[in-house]
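Have a look at the structure below, then the notes.
Computed over heavy atoms, backbone and side chain alike; hydrogens, waters and symmetry mates excluded. Counting convention: from 1, in listed order, for ligands and their atoms alike.
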Amino acid sequence: MLFRNKKSVPELDKRNIPAHIAVIMDGNGRWAQKRGLPRTAGHSAGSETFQRVAEYLSDLGVQYFTVYAFSTENWKRPPEEVGEIMRLLEKYLHKAIREMRERNIRLRFFGDLSPLSDGMKALIEEANAISETTSGMLVNVCLNYGGRAELTRAARLIAEDCKAGKLSPEDITEDMISRRLYSNGIPDPDLMIRPGGEVRLSNFLLWQNAYTEFYFTDVLWPDMDERQFDLAIAAFQQRKRRYGGI
Ligand code: IPE
Ligand code: IPE
Ligand code: MG
């Protein structure tokens, strides 16, 4: 009999790779503090992790990768930290725009982008335009995103249609709400991973996560690697998804 180390990763079933993985990239600040570094060093390490993981998941055949990069609540942080996170996002976008075609990835942004700098908005537009020409894994970056804000926006859009006489309240369906979310046209996440030790949603994809499988780990985001993702996907492959059935 083969002796298997408790921590070894089971072989992944290549026919059951989750089509859509969502991640709350949490634990950057603590990762840095543990090393006596400023929190911003954790965000920088976290950005590297994001790029490595995206490449790995694309190779695995994941079709949609949705990451929580900055929440509607993260504005409460000191302005220097917010500024550094935005600077890192901008740096990533510059690099992504150069490499998207070669790596064959698409980018999309979930959230209210109106308070972002003009420079950032221009980069996002450029990334969106390139995404029309590429066909690979779609990376959804949640930026100034909150699940409640997203649902409030959908409610306003529907109310406007009612006011304009295009829709009656009794005809509103779940599908009409889904189509007014940032994730319009994208299937719900199959697997949601939260590193960093907190066991909560923190306002992430409240509607879309209705039947998502959750995986929580104490590993801090900058320490997440291919093996940690294999462990999460292996756990997902053990789950029985019933959607309320038997
Ligand atoms: C997640 O890491 C990154 C963002 C929220 C932008 P944190 O900065 O929340 O790290 P911790 O949770 O304080 O360790
Ligand atoms: C969630 O992490 C937001 C992102 C990772 C972008 P937070 O660190 O902001 O969440 P809380 O404050 O622990 O709930
Ligand atoms: Mg955090």
Just need the protein heavy atom nearest to [atom], so name the residue and atom and give the distance.
{"atom": "atom 10 (O) of ligand 1", "value": "Gly29 N, 2.9 Å"}
{"atom": "atom 2 (O) of ligand 2", "value": "Arg194 NH2, 3.6 Å"}
{"atom": "atom 1 (C) of ligand 2", "value": "Ile24 CG2, 3.9 Å"}
{"atom": "atom 13 (O) of ligand 2", "value": "Arg200 NH2, 2.8 Å"}

* Asked: Short list, please: which atoms of ligand 2 are under 4.0 Å from a heavy atom of Phe70?
  ->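 This gives 6 (C) as the contact atoms.
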* **Which N, O or S atom of Asp26 lies nearest to the Mg ion (ligand 3), by name** =>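 Going through the N, O and S atoms of Asp26 one by one, OD1 ends up nearest to the Mg ion (ligand 3).
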Contact check: [X] vs ligand 2, nitrogen or oxygen atoms, below 3.5 angstrom:
{"X": "Arg77", "value": "yes"}
{"X": "Glu198", "value": "no"}
{"X": "Ser202", "value": "yes"}

May I ask you to list the atoms of ligand 1 that are less than 4.0 angstrom from any heavy atom of [X]?
{"X": "Ala69", "result": "6 (C)"}
{"X": "Ile85", "result": "6 (C)"}
{"X": "Asn74", "result": "5 (C)"}

Side-chain donor-acceptor pair under 3.5 Å between [X] and [Y], yes or no?
{"X": "Ser71", "Y": "Asn74", "value": "yes"}
{"X": "Asp175", "Y": "Thr173", "value": "no"}
{"X": "Trp75", "Y": "Asn144", "value": "yes"}

* From Met25, Glu73, Arg30, Gln33 - option closest to atom 14 (O) of ligand 1 by heavy atom ->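 Result: the heavy atom closest to atom 14 (O) of ligand 1 is in Arg30.
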* **Side chain to side chain, Met192 and Phe216, heavy atoms closer than 4.5 Å** =>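 Yes; the side chains approach each other to less than 4.5 Å.
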* Asked: Is Ser183 close to Glu150 at the side-chain level, that is, under 4.5 Å between some pair of heavy atoms?
  ->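 Sidechains of Ser183 and Glu150: in contact.
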Please confirm whether the backbone N or O of [Y] pairs with a side-chain atom of [X], one donor and one acceptor, at under 3.5 Å?
{"X": "Arg194", "Y": "Arg200", "value": "yes"}
{"X": "Ser47", "Y": "His43", "value": "no"}
{"X": "Ser117", "Y": "Met120", "value": "yes"}

* Non-hydrogen atoms of Gly196 versus ligand 1: any pair closer than 4.0 Å? ->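 Gly196 does not count as a contact of ligand 1 under the 4.0 Å cut-off.
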* **side chain to side chain donor-acceptor pair (under 3.5 Å) partner of Gln51, chosen from Arg103, Glu99, Lys95** =>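 Exactly one candidate clears the test, Lys95.
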